[in-house]
Number of protein chains: 2
Amino acid sequence: MARQESNTRTAILDAAGRLFYAEGIRAVSVDAVAAAAGVTKRTLYYHFTSKDELIAEYLQSRDQPNLNLFRKWFDAEAGGAADKVHAIFAHVAAASRHPKWKGCGFLRTAAELANMPGHPAIAIGAAHKRKFEDWLAGELESRSVLEPKRLARQIQVLLDGAFATTLINRNSDYVLAAGDAARSLVAQLEPGPSGS
Amino acid sequence: MARQESNTRTAILDAAGRLFYAEGIRAVSVDAVAAAAGVTKRTLYYHFTSKDELIAEYLQSRDQPNLNLFRKWFDAEAGGAADKVHAIFAHVAAASRHPKWKGCGFLRTAAELANMPGHPAIAIGAAHKRKFEDWLAGELESRSVLEPKRLARQIQVLLDGAFATTLINRNSDYVLAAGDAARSLVAQLEPGPSGS
DNA sequence: GTCTATAAGCCGATAGAC
DNA sequence: GTCTATCGGCTTATAGAC
């Protein structure tokens, strides 16, 4: 079966993503990934040169899907920019109540690899966060919100804080608190009746 | 030397703290901690029953020192509550520029142990964050800032977001952005000329 | 209380057959 | 492209001497 190549590769990447997110990068062995994918370790090493490459590709595979979720939540919410931003946090809060929730894979991976600042996976995480920030700044700007870049950066830090706190406090109260804060910050700079 | 007991224990805990913070919980072996403390592994296991206990005690040993830092930075800043809160972030930003900076040990440990929600170390992290939140709420309330509890929680999430982003973005811009956001949120609720 | 020595198994990665 | 088999080293934790 010469053309099964990409199927096998995808199966390995899917298994890696599931396990890395559920248990953490260093807690999951290459053996475990191979077993979950239904291949031998030797096959895994045929498709990926190292565990580090597997980690990097796992995060890369989550980049667009995650961004699309944020866009969907933002677009689906009626109302002004403040309410749309708040909706993102409300949806994250709901997701955080799911039993399989384990926070943000990008942040958790960066935390695990804090002693390897040059690791490719961290650069992929940085690019992901940057894309979110840039997208949000564009949305705010097109709605004539003041200081869109500064505000988008503040909201991103707030969202990362929300992700981080879910790992310490099981309930979603802190995510909702972050959402309230984000809405306040946007409302201060939003045009219209409640603006300046 | 019957009374060297607590010295040895302290040496082990110091070494553990240094290594766990610098390289991460799972990246550091018990062998490495024992070697750094200048004792054998058997001695380490005489003083601590397991690596998990060592992890928990490492975080416990950081609880009060970290809280004292926050208090010191807050108290040393002249001006109103908004400026005092901002000062905490400014000092964290400065600390994050140090080459040995690796973020918040409590959050990084929680991220590494995300697959073990009942781990004692996570409870210690939760208690630490809660103490910070309660202390800050008290400071805000005594300065007649409105909704002190809600605000303290928002600021804590912002601070955790600042910690988290330093692991992805090397520079301290995001910490400063968080500090600006925190100051804005306090200023909105602070009494006086700029208040309602 | 601290030591030497070791258990028993898992780690990432590779050799070579087919 | 996938397999079986294995390397050398590291993992947490323990046995037993002193």
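For the numbers below, each heavy atom of this structure counts, side chains included, while hydrogens, waters and symmetry mates do not.
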Is it the case that A/Arg108 places NZ or CZ above or below the six-membered ring of A/Tyr21, under 6.0 angstrom from the centre and within 45 degrees of the axis?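 Yes, A/Arg108 lies over the aromatic ring of A/Tyr21.
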Nucleotide of [options] approaching [X] most closely (side-chain heavy atoms):
| X | options | value |
| --- | --- | --- |
| B/Arg42 | D/dT2, D/dT12, C/dC3 | C/dC3 |
| A/Thr8 | C/dG1, D/dT2, C/dA13 | D/dT2 |
| A/Ser29 | D/dT2, C/dG12, D/dT12 | C/dG12 |
| B/Ser50 | C/dA13, D/dA13, D/dT2 | D/dA13 |
| B/Thr40 | D/dT12, C/dG12, C/dT4 | C/dT4 |
| B/Lys41 | D/dG16, C/dT2, D/dT12 | D/dT12 |
| A/Lys51 | D/dT12, C/dG12, C/dC3 | C/dG12 |

Roughly how many Å is it from [atom1] in [X] to [atom2] in [N], rounded to a whole number?
| X | N | atom1 | atom2 | answer |
| --- | --- | --- | --- | --- |
| A/Asp31 | D/dT6 | CG | C1' | 12 Å |
| A/Phe48 | C/dG12 | CZ | P | 15 Å |
| B/Tyr45 | D/dT11 | OH | P | 11 Å |
| A/Leu44 | C/dT14 | CG | P | 12 Å |
| B/Arg26 | C/dC10 | CZ | P | 16 Å |
| A/Glu23 | C/dC11 | CD | P | 11 Å |
| B/His47 | C/dT2 | NE2 | C1' | 8 Å |

Give a yes or no on this: more than 12 heavy atoms of other residues, nucleotides or ligands lie within 6.0 Å of atom CD of B/Glu141.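 It does not: B/Glu141 CD has 12 such atoms or fewer within range.
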Any side-chain N or O of B/Tyr46 below 4.0 angstrom from OP1/OP2 of C/dT2?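 Looking at the OP1 and OP2 atoms of C/dT2, neither is under 4.0 Å from any side-chain N or O of B/Tyr46.
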Quick one: label A/Val33 by what it contacts on the DNA or RNA (base, sugar-phosphate, nothing), any heavy atom closer than 4.0 Å.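 The answer is nothing, as A/Val33 stays clear of every strand by at least 4.0 Å.
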What I want to find out is whether B/Asp180 reaches B/Arg183 closely enough, with some N-O distance under 4.0 Å, to be called a salt bridge.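 Answer for the salt bridge query: yes.
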Testing the 3.5 Å rule here: is there a donor-acceptor pair between the side chains of A/Glu139 and A/Trp135?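 Yes, A/Trp135 and A/Glu139 have a side-chain donor paired with an acceptor closer than 3.5 Å.
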Does A/Arg62 use its side chain to pair, donor to acceptor, with the backbone of A/Gly105 at less than 3.5 Å?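 Side chain of A/Arg62 to backbone of A/Gly105, a donor-acceptor pair under 3.5 Å: no, none is there.
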